[in-house]
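Taking it in order: structure first as structure tokens, then the write-up.
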Amino acid sequence: MQRRKFIGRAALASLAGIIGADIVYGSKMAEKYVPLALQDPDPFKLFNKDKEMVVLNDKPWNMEAQAHLLDDKVTPNKYIFVRNNGLIPEAIDVKNWTLTIDGESVKQKKTYTLEELKSKFKHHTYQLTLECGGNGRSEFDPPAKGNQWTVGAVYCASWTGVRLRDVLEDVGIKDDAVYFGYHAADIHLSRDPGKEPISRGAPMAKAMQDETLLAFKMNGEDIPLAHGYPLRVIAGGWPASVSGKWLQRISIRNIVHDGTKMTGTAYRVPCKPVAPGEKVADEDMCIIESMPVKSLITYPKSGATIPEGKKLTVRGHAWAGELEVAKMEYSIDFGSTWKQCKLEKPANRLAWQHFSAQVEFPQQGYYEVWARATDSNGFSQPMLLPGWNPKGYLNNACHRIAVKVA
């Protein structure tokens with residue numbers, strides 16, 4: 001009978017450091033045992049996601065959809081991408097949850113309970129498009145650091161909440177207010193309580209829009225924990241990082257908010273075009289605001305095969321940040337010619353728009369169907385990767401799928 005080997009002191013201290021607490025009976029742990037706190041959970045069960053979602057990172061959790069999963073007009077939770085900068089809060093006390101509005105530019109600091117927010121202010125519901133600023137990062141060359149999103153870090157859900165504007169008017173805002181910043185309950189990866197994983201915001205003009213919400217419901221139900229339960233900011237049409245989750249405090253600033261991931265190169269692109277791989281000084285980087293025009297083919301799945309002589313139904317979604325999509329086109333000859341798609345109006349401002357087309361192919365063989373959206377200002381998606389930038393943001397190149405006619 002082999003004698004059981006126990007974990008050594010150095011290894012035990014290392015595990016305790018990772019967990020963030022002493023392992024009280026750690027000396028009795030077998031040498032190769034992995035504590036449950038460090039065993040990888042199943043993210044599909046943890047976040048109620050479809051098994052076809054793609055996990056990009058587990059520290060923190062980041063996962064995206066594939067294009068064909070996003071075919072619904074209103075995206076269900078199981079296909080909504082997960083983007084975290086820190087650890088999801090471990091304990092949510094809804095009954096005692098509060099939101100504090102403070103900062104240099106409030107006339108008075110004020111705190112609301114969640115129930116006060118729900119009862120005092122009118123509820124509004126909008127379909128709003130949220131897209132990660134780094135969606136499409138995997139296509140940049142030279143590669144940009146960060147999660148290598150392909151096309152699935154975008155969705156459009158139905159959000160219910162109260163207008164941020166209504167709450168700010170109740171608090172009272174000074175004339176020198178220029179920006180708001182959010183502060184949340186998520187935990188820094190180091191578990192240092194003095195550090196915020198992320199604290200971003202937007203100019204006051206965005207805060208005062210009808211569609212900027214303090215949301216407590218997603219698709220008619222309580223917001224899932226991974227997406228900000230019990231309260232989050234929703235600022236559609238801008239990088240999803242502006243829509244802070246697990247919201248506890250909003251600061252009204254008389255300067256551009258300088259919270260975590262608001263400075264340096266985070267969520268910024270060069271103010272002027274640069275050569276691929278070029279280093280850009282922080283002062284030459286501009287904050288991303290409205291997202292660019294973009295579209296996604298959600299049906300059929302890339303790689304589809306259809307019989308010769310049969311039309312192919314193609315459909316998908318298009319969006320344009322603060323603007324509306326004015327025209328949607330497709331090409332089967334690598335962008336040499338374009339034909340128009342049927343394009344629906346948005347359900348409301350900042351919702352994505354649905355398009356469809358009946359595509360005919362002249363003969364058997366391999367084809368690619370390319371999609372191109374044009375916004376209300378006349379700007380169209382580039383056919384290939386747009387200007388390189390150090391962080392791999394704002395890739396709005398035409399989406400394309402492969403089709404074989406046999």
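In this text the structure is predicted, and so the values were computed from the model without any measurement.
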- Message: Between L225 and W246, does the side chain to side chain contact (heavy atoms under 4.5 Å, CB included) criterion hold? Intermediate values first, please.
- Response: CA-CA 8 Å; L225 178 60; W246 310 294; 3.9 Å; yes
- Given the rule in the side chain to side chain contact (heavy atoms under 4.5 Å, CB included) test, do D210 and R165 qualify, once you have shown the distances and angles that lead to the verdict? CA-CA 7 Å; D210 286 352; R165 180 183 69 208; 2.6 Å; yes
- Task: Determine, stepwise, if the pair L114 / L99 fulfils side chain to side chain contact (heavy atoms under 4.5 Å, CB included).
- Result: CA-CA 7 Å; L114 190 57; L99 173 68; over 6 Å; no
- Message: Quick one, V405 with Q363, criterion side chain to side chain contact (heavy atoms under 4.5 Å, CB included). Give me CA distance, side-chain angles, the key distance, then yes/no.
- Response: CA-CA 7 Å; V405 178; Q363 63 186 60; over 6 Å; no
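Using modelled atom types, one finds a donor on one side chain and an acceptor on the other under 3.5 Å when comparing E139 with N395. For the residue pair T100/Q248, the side-chain donor-acceptor check at 3.5 Å is not satisfied.
Residues N84 and K245 form a side-chain contact, since some pair of their non-hydrogen atoms from C-beta on lies under 4.5 Å apart. Between D333 and Y367, the closest side-chain pair of non-hydrogen atoms is not below 4.5 Å. Contact annotation: the side chain of I287 approaches that of V256 to within less than 4.5 Å [non-hydrogen atoms, C-beta and beyond]. At least one side-chain heavy atom of I332 sits less than 4.5 Å from a side-chain heavy atom of F361. Contact check for L323 versus S290: no side-chain heavy atoms found under the 4.5 Å cut-off. Two residues are said to be in side-chain contact when any heavy atoms from C-beta on lie closer than 4.5 Å; P270 and P390 meet this criterion. Side-chain contact between K49 and I80 is present, with heavy atoms from C-beta onward closer than 4.5 Å. Between I288 and L394, some side-chain heavy-atom pair lies under the 4.5 Å cut-off.
Among pairs with a residue in residues 173-207, those fulfilling ring-ring contact (aromatic ring centres under 6.0 Å, His included) read H183-H257, at least two apart in sequence or across chains. Screening residues 152-162 for side chain to side chain donor-acceptor pair (under 3.5 Å) gives T125-T160 as the qualifying pairs, with residues at least two apart or on separate chains. Here salt bridge (Lys or Arg N to Asp or Glu O under 4.0 Å) pairs that include residues 143-156, with residues two or more places apart or in two chains, number zero. Among residue pairs with one or both ends in residues 344-353, those qualifying as salt bridge (Lys or Arg N to Asp or Glu O under 4.0 Å) are K73-E344, E211-R349, E322-R349, E324-K345; sequence neighbours excluded. Counting only residues at least two apart or in different chains, salt bridge (Lys or Arg N to Asp or Glu O under 4.0 Å) contacts with residues 274-295 comprise E131-K294. Pairs engaging residues 302-321 under the salt bridge (Lys or Arg N to Asp or Glu O under 4.0 Å) rule: D71-R315 [sequence neighbours left out].
Side chain of S331 to backbone of W338: no donor-acceptor contact under 3.5 angstrom is found. Not a single donor-acceptor pair under 3.5 Å links the side chain of D58 to the backbone N or O of W61. At least one donor-acceptor pair under 3.5 Å links the side chain of N62 to the backbone N or O of P60. Between the side chain of S302 and the main chain of A402, a donor-acceptor pair closer than 3.5 Å is present. For R137 (side chain) and N147 (main-chain N/O), a donor-acceptor pair under 3.5 Å exists by modelled atom type. Side chain of D375 to main chain of G378: a donor-acceptor pair is present (N/O by atom type, distance under 3.5 Å, no hydrogens or angles). Side-chain atoms of T75 come within 3.5 Å of backbone N or O of C156 as a donor-acceptor pair. Checking side-chain atoms of W149 against main-chain N and O of M63 turns up no donor-acceptor pair under 3.5 Å. Counting only distance, with no hydrogens or angles, the side chain of S119 and the backbone of E115 share a donor-acceptor pair below 3.5 Å. Side-chain atoms of N377 never come within 3.5 Å of backbone atoms of F379 as a donor-acceptor pair (strictly under, hydrogens ignored).
For the salt bridge (Lys or Arg N to Asp or Glu O under 4.0 Å) test, no residue two or more places apart in sequence or in another chain qualifies with R400. Listed by chain and residue number, nothing satisfies the salt bridge (Lys or Arg N to Asp or Glu O under 4.0 Å) test with R232 (two or more places apart in sequence, or in another chain). Shown here are the salt bridge (Lys or Arg N to Asp or Glu O under 4.0 Å) partners of K78, two or more places apart in sequence or in another chain: there are none. Residues passing the ring pair (Phe, Tyr, Trp, His ring centres under 6.0 Å) test with Y330, sequence neighbours excluded: none. For K120, the salt bridge (Lys or Arg N to Asp or Glu O under 4.0 Å) test picks out D170, with sequence neighbours left out.
Classification of the H317-H354 ring pair by plane angle, with boundaries at 30° and 60°, yields perpendicular.
For Q108, the CD atom counts as densely surrounded, since its 6.0 Å shell holds more than 12 non-hydrogen atoms of other residues, nucleotides or ligands. Within a 6.0 Å radius of NZ in K174, more than 12 heavy atoms belonging to other residues, nucleotides or ligands are found. For K272, the NZ atom is loosely surrounded, since the number of other residues' heavy atoms within 6.0 Å does not exceed 12. In Y25, the OH atom is not crowded: 12 or fewer heavy atoms of neighbouring residues, nucleotides or ligands sit closer than 6.0 Å.
Partner of S295 under the side-chain hydrogen bond (donor to acceptor under 3.5 Å, both in side chains) criterion, out of Q381, R372, E329, H399: Q381 alone.
For K118 and F216, the positive end sits near the middle of the six-membered ring, less than 6.0 Å away and at most 45° from its axis.
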Give the table of side-chain donor-acceptor pairs shorter than 3.5 Å for residues 258-265, with sequence neighbours excluded, one pair per line with atom names and distance.
| from | atom 1 | to | atom 2 | distance (Å) |
| --- | --- | --- | --- | --- |
| D258 | OD1 | R253 | NH1 | 3.0 |
| T260 | OG1 | E196 | O | 3.3 |
| K261 | NZ | N85 | OD1 | 2.6 |

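Here CG of L247 is found 10.5 Å from CG of D186. Values are rounded to the nearest 0.5 Å.
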